[in-house]
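Below is one structure, written out as structure tokens; comments come after it.
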Amino acid sequence: MEVFKTIKDLKARLNDLRTSGKTIGFTPTMGALHLGHISLVERSNKENDISVVSIFVNPTQFNNKEDLEKYPRNLEADFDLLKKNNCDIVFAPEVIEMYPQEDTRVFELGKVTEVMEGKFRPGHFNGVCQVVSHLFEIVEADRAYFGQKDYQQIAVIRAMKDKYMPNLKTQIISCPIKREESGLALSSRNMRLSDKEKQSALLISKCLFEAKNIYDKGASLNEIIDFINNYIKQDSTLEMEYVEIADKDTLETIKEQKFDNAVICITVYCNKVRLIDNILL
Ligand code: AMP
């Protein structure tokens, strides 16, 4: 496995590989890697000759300074895990390499960036678009892999690519959420949970699975939302930030009581740790 710290060196290497006919799969990450990330790398390995993973905790997508400072970082363990899982190339730049000057670009993508995560984390998606567009230009991959764990993020990246990078040949591939056996969605933030908090966090996926059950049995929108709110209220460690039932493509909030083609997106604080999850209906 090769590790690159500079854009110039990475581009030169990828150019060589491309010239010799290799296809490139790319998985952008912020490190503190777990088996959720690895599931994306495995898919990339299957579909491409070369798998590239970037590890970069992107400051421009954090609207909360404490969240950025507390974001887990563990490069050596990340390299080990990637090596074991047949990643070919890691790109792990410093902030100054990615942003020699402040990135002032503003991505105007409308509704998809304004609801849910966009509403509660102002500027978050603009930062995501800044870093992902930059990485897309550097890597020029055939395919880029993203997890449905960040459901809205995939919709934003597709919209960003359509509007701002129409000539980019990179295909965006959406991959299923990887969960612990308990149902808890794997997340780098789970490392910050105590054992007791982890028990509480389990209620998040449990309530989504139950919500899908009652949806399948014919529950209305209000019944599902009430059910989820009450479920989360059971545990005083948990505090709901939002729960939304949204159109699975546009992510606009659904208002009809009977609906289909929807995703339930939920964000819950488990004490100080912000956890997100979702389920397709
Ligand atoms: P992050 O390092 O959190 O920015 O995540 C990097 C990529 O891994 C994103 O596309 C995430 O959606 C994806 N990812 C994170 N957790 C999971 C998971 N549990 N299952 C599948 N993909 C995931």
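Residues take their numbers from the sequence shown, with the count starting at 1. Just so you know, ligand 1 is whichever comes first in the structure, and atom 1 is the first atom listed for that ligand. Everything quoted here is computed from the prediction, not taken from an experiment.
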Would a single hydrophobic cluster contain both V156 and F56, if residues Ile, Leu, Val, Met, Phe, Trp and Tyr are joined by side-chain heavy-atom contacts under 4.5 Å?
yes
Please tabulate, one line per pair, the protein N or O atoms found under 3.5 Å from any N or O atom of ligand 1, giving the distance to one decimal.
from     : atom 1 : to   : atom 2 : distance (Å)
ligand 1 : 2 (O)  : M30  : N      : 2.9
ligand 1 : 2 (O)  : H37  : NE2    : 2.9
ligand 1 : 5 (O)  : H37  : NE2    : 3.4
ligand 1 : 10 (O) : G147 : N      : 2.9
ligand 1 : 12 (O) : G147 : N      : 3.3
ligand 1 : 12 (O) : G147 : O      : 3.0
ligand 1 : 12 (O) : D150 : OD2    : 2.6
ligand 1 : 16 (N) : L186 : O      : 3.4
ligand 1 : 19 (N) : K178 : O      : 2.9
ligand 1 : 19 (N) : L186 : O      : 2.8
ligand 1 : 20 (N) : K178 : N      : 2.8

Could you note down all residue pairs passing side-chain hydrogen bond (donor to acceptor under 3.5 Å, both in side chains) where residues 163-177 supplies at least one of them, sequence neighbours left out?
Q148-S174
For the pair F136 and F146, name the ring-plane relationship: parallel under 30°, tilted 30 to 60°, perpendicular over 60°.
perpendicular
Go through the steps for S220 and N222 under the test side chain to side chain donor-acceptor pair (under 3.5 Å), then give the verdict.
CA-CA 6 Å; S220 69; N222 285 348; 5.8 Å; no
Which heavy-atom pair separates G36 from L186 by the least distance, and what is that distance?
N-CD1, 3.4 Å
Side-chain heavy-atom pair Q153, V128 within 4.5 angstrom cut-off:
yes
